[in-house]
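These notes concern the structure reproduced below.
All heavy atoms count here, side chains included; hydrogens, waters and symmetry mates do not.
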Amino acid sequence: METMKLSTLILTVSPELYELLRDVELDSEVIVSNIQAINREDVSEIIVQAIEHHHCPPYH
């Protein structure tokens, strides 16, 4: 297992998705057990979790 920035993971697996994320999400730390086994679907799930984690709902 290794820890890496989400930006590094995206650039390794799906670089076309890089521009879709904000800096705060790209700076997120993720734990990866085997980067060679990660596919686009796995990266999409990780991205969703990062967005949800950093989402700030508006106050009403």
Side-chain angles (χ1 to χ4, degrees):
M1 291 182 133
E2 66 179 289
T3 303
M4 65 174 50
K5 298 269 186 197
L6 180 56
S7 59
T8 304
L9 177 64
I10 290 174
L11 289 172
T12 303
V13 179
S14 296
E16 67 278 3
L17 300 176
Y18 186 87
E19 293 184 17
L20 299 177
L21 298 172
R22 298 178 299 149
D23 289 338
V24 68
E25 295 152 354
L26 291 168
D27 286 339
S28 298
E29 296 282 333
V30 296
I31 299 172
V32 179
S33 59
N34 183 2
I35 195 165
Q36 287 79 23
I38 294 178
N39 60 33
R40 188 178 171 103
E41 185 176 317
D42 296 331
V43 171
S44 295
E45 185 176 324
I46 293 168
I47 289 171
V48 167
Q49 291 175 7
I51 291 170
E52 288 175 352
H53 179 74
H54 292 287
H55 175 71
C56 297
Y59 294 101
H60 293 287

**Prompt:** So which residues get pulled into Ile31's cluster when ILVMFWY side chains under 4.5 Å apart are joined, directly or through others?
**Reply:** Met1
**Prompt:** Linking Ile, Leu, Val, Met, Phe, Trp and Tyr by side-chain heavy atoms under 4.5 Å, what else ends up with Leu21?
**Reply:** Met4, Leu6, Leu9, Ile10, Leu11, Val13, Leu17, Tyr18, Leu20, Leu26, Val30, Val32, Ile35, Ile38, Val43, Ile46, Ile47, Ile51
**Asked** To the nearest 0.5 Å, what is the distance between CD (Glu25) and CD (Gln49)?
**Response** 12.5 Å
**Request:** May I have all residue pairs that pass salt bridge (Lys or Arg N to Asp or Glu O under 4.0 Å) and include part of residues 3-12, sequence neighbours excluded?
**Result:** Lys5-Glu29
**Item:** Inter- and intrachain pairs under side chain to side chain donor-acceptor pair (under 3.5 Å), touching residues 30-42, at least two apart
**Value:** Glu16-Arg40
**Prompt:** Under a 4.5 Å cut-off applied to non-hydrogen side-chain atoms, are Ser28 and His54 in contact?
**Reply:** yes
**Request:** List in chain and number order the residues that pass side chain to side chain donor-acceptor pair (under 3.5 Å) with Ser14, two or more places apart in sequence or in another chain; answer none if no residue qualifies.
**Result:** none
